[in-house]
Amino acid sequence: MPKCTYCDLQWSWKQTIKKMFTLKHTLECPVCGKTQYISQKSKKRLSLLNMAILLPLLLNVFASTNPLFIIVLILSLFLLSLAIMPFLTIFSDKEEPMW
């Protein structure tokens, strides 16, 4: 789970998910109120995780599979990625470019 870089508070899974699904580029610590940013390393990890959700579409290209199976597999991967996303997140005190 991510920790605040200022007060060293470890965020809960629910807090992390709730704050990450906003349109802001910044995250505010629930205790100290300081601005947090997702680190460059975490951005790369999370983008790879999000791309993995679409891998079943390649399975459909190379093998004739049932479309319902592909949909269920994509939804399952989405829920799995949602569950592990907070564990892969690290905060930074300054905004870092992705590349």
Between Arg45 and Thr89, is a side chain to side chain contact (heavy atoms under 4.5 Å, CB included) present by the stated rule, with each step listed?
CA-CA 8 Å; Arg45 285 181 185 170; Thr89 305; over 6 Å; no

One pair to check against side chain to side chain contact (heavy atoms under 4.5 Å, CB included): Leu59 and Thr65. What are the steps and the verdict?
CA-CA 8 Å; Leu59 178 67; Thr65 55; 4.3 Å; yes

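Taking every heavy atom of both residues into account, Ala52 and Pro56 meet most closely at O-CD, 4.0 Å. Of all non-hydrogen atoms in Ile38 and Lys43, the two that sit nearest each other are O-CE, 3.4 Å. Here the shortest heavy-atom pairing between Pro86 and Ala83 reads CD-O, 3.8 Å. Contact detail for Met1 and Trp13: the closest heavy-atom pair is CE-CB, 3.3 Å.
Note on Leu9: it does not cluster hydrophobically with Tyr37, by side-chain heavy-atom contacts below 4.5 Å among ILVMFWY residues. One hydrophobic cluster, built from ILVMFWY side chains closer than 4.5 Å, holds both Phe87 and Leu82. Both Leu27 and Leu46 belong to a common hydrophobic cluster when Ile, Leu, Val, Met, Phe, Trp and Tyr are linked at side-chain heavy-atom distances under 4.5 angstrom.
Looking at Gln36 and Ser92, their side chains never come closer than 4.5 Å, going by heavy atoms from C-beta outward. Looking at Pro30 and Gln15, their side chains come closer than 4.5 Å, going by heavy atoms from C-beta outward. Residues Met85 and Asn50 are in side-chain contact: their nearest non-hydrogen atoms beyond the backbone lie under 4.5 Å apart.
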Can you give me every donor-acceptor pair (side chain of residues 70-79, partner residue at least two apart or in another chain, under 3.5 Å) with its distance?
| residue | atom | partner | partner atom | Å |
| --- | --- | --- | --- | --- |
| Ser76 | OG | Val72 | O | 2.8 |

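By the side chain to side chain contact (heavy atoms under 4.5 Å, CB included) test, Asn66 is found to be paired with Leu68, Phe69, residues two or more places apart in sequence or in another chain being considered.
In this structure, the ring of Phe91 has its center less than 6.0 angstrom from the ring center of Trp11.
Asp93 CG to Tyr6 OH: the interatomic distance, rounded to the nearest 0.5 Å, is 4.5 Å. With rounding to the nearest 0.5 angstrom, the CG atom of Leu49 is 11.5 Å from the OG atom of Ser42. Separating the OG atom in Ser39 from the CD atom in Glu95 is a distance of 12.0 Å, to the nearest 0.5 Å. Note: Leu88 CG to Thr16 OG1 = 11.5 Å, rounded to the nearest 0.5 Å. With values rounded to the nearest 0.5 angstrom, Met51 atom CE is found 11.0 Å from Ile53 atom CD1.
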